[in-house]
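Here is the structure we will look at.
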Amino acid sequence: MNHGPLIFLGILVTFVMSWWGLIFAPQMQIGVQQNASLVDGIYPRPRAGLAEQGHHVYVANGCVQCHSQQVRQESYTFDVVLTAPGTNNEIVIRALGKIAPGINAGAVAAAATDQKPQTILTNVPQGVADDAQARLKKAGATAKTLFIPLGVDIARGWGSRLTVAADYLYDQPVQVGHSRLGPDLANYGQRAPSTKLILEHLYDPRLTMDKSLMPAHRYLFETKPVGKKSSPDALALTGKFAPPAGHEVVPKPEALQLVAYLQSLRASTSLFEAPASPAPQP
Amino acid sequence: MKDVKSTSMTEAEPSVRSGATYLSMWVLGLLGVLTWWAFSYVDARGGHFNSMVYAPYGSTNQLASFIPKDETGSAFARGKMVYGTYCGNCHQANGMGAAGIAPPLAGSEWVLAEGPNRIIRIPYLGLTGPIKVSGVEYNMAMLAIAAGGGMTEQQVADVLTYIRMDWGNKVAAPLVTPEQVSKVLAEIKARTDPMTADELLKLPALVP
């Protein structure tokens, strides 16, 4: 019996299905991603030249082998803060007492301003937050509902919301990552120390962090004899990290590009698909 | 029913029987229930396969409910549409007006007044006679464009909110509410004559 056509059809169906599921459907879903138009401009913005070059350094050095750029989020909750107590203090204090019996309503109402929002409710469902908003509005006060994303990565301080496709719009190739031998870098630019400290960390991670597992990237630096004057961006190294006498360690352009790229990693803007409230000012 | 294979074998060998067998109804029922559960699971959590919906969120409607309600912002957006329909022909899309047709709204001290009490009257009664706007004297007539239900109170409120916010216009509290509009409407119920600049100036800026 000739099973040729049947085998051919079977193979075709198998390939078409995987092509459909892995390529065509995702292309239809997120292939047409565009920058989001926000009140204060577009997101994301193309990287500046130095940072764009740094992206290639990041790719070339295989940083993606140990660092992910992907913040996970499991759930969300709401906080309510009071920003203006309005004019009718007595009614506002009564409303506050009903909304949150635990707080010192008088002190909260007296201290609340736009610059110093006072927390009324924390970790409440949306319905409770909306209800509190309505009560306070009736009393003439102004309150803000803060949207708080929750998750283990967020708890570790790796981000303020989950990362979404829009965050990677200008990454080519995307460096989402697959293992986390080091911390997640999706928001590194937000928490990064000074350029100098990042450079020191790249030169030898043990300089800034005693138990770091990260390999030293000394080849991104140049050890050269000190000229008439020491170079302005020479690293200040002492002890066992110090270069030979009369020498100094200066970053090569690649190191500076990589630092610019790391500082440009900021997946924290609140988006429609990934809402996050700005942290209230302390 | 005996098939060929079993007859060809010796009796000692175990027979392999081929042919039709019936699926128990309970298996079919279980499969049906499982399929229904799977579909409803995907339906509830799949976000309708929308590229804007990521776990842990369920749908675009849910995401929209997280956006803080901004009355002024939405009034601005609605007002811009109303402006294009009713006002933009004469006052121009950039609010600069046009010589011989309409005075500017951008930077106009009438628009930038503390409250909308005066400007609510203009679309309802019209305006005639000389009027000074940003130091320039104009003498034209504006029709009572909103009179007799030409525009709803909501539309008037939205468009006044809009002109108090766009083109660099900045007012401390730009939002004009339909309640303010109906309050003013009750005051001018008996009147049909167009307003004049002098009469407007005698009124307080804030809606009482």
Please determine if D171(A) and R47(A) form a salt bridge, counting it only when a charged side-chain N lies under 4.0 Å from a carboxylate O. yes
Under 4.5 Å to a heavy atom of chain B? For Q133(A) that would be neither
Centroid separation under 6.0 Å, is that true for the rings of F66(B) and F272(A)? no
Donor-acceptor pairs are to be reported for all side-chain atoms of residues 23-44 of chain B against protein atoms at under 3.5 Å, with residues two or more places apart or in another chain.
residue : atom : partner : partner atom : Å
T35(B)  : OG1  : L31(B)  : O            : 2.6
S40(B)  : OG   : W36(B)  : O            : 2.7
S40(B)  : OG   : W37(B)  : O            : 3.2

Less than 4.0 Å between a side-chain N and a carboxylate O, is that true for D130(A) and R135(A)? no
Any Lys/Arg nitrogen of E109(B) or K132(B) sitting under 4.0 Å from an Asp/Glu carboxylate oxygen of the other? no
Looking at K144(A), E273(A), E74(A), which has the largest count of heavy-atom pairs under 4.5 Å with chain B? E273(A)
Between T145(A), V32(A), V164(A), which has the largest tally of heavy atom pairs under 4.5 Å with chain B? V164(A)
Under 4.5 Å to a heavy atom of chain A? For Y57(B) that would be side chain
Which bit of A129(A) is near chain B, if near means a heavy-atom gap under 4.5 Å: side chain, backbone, both or neither? neither
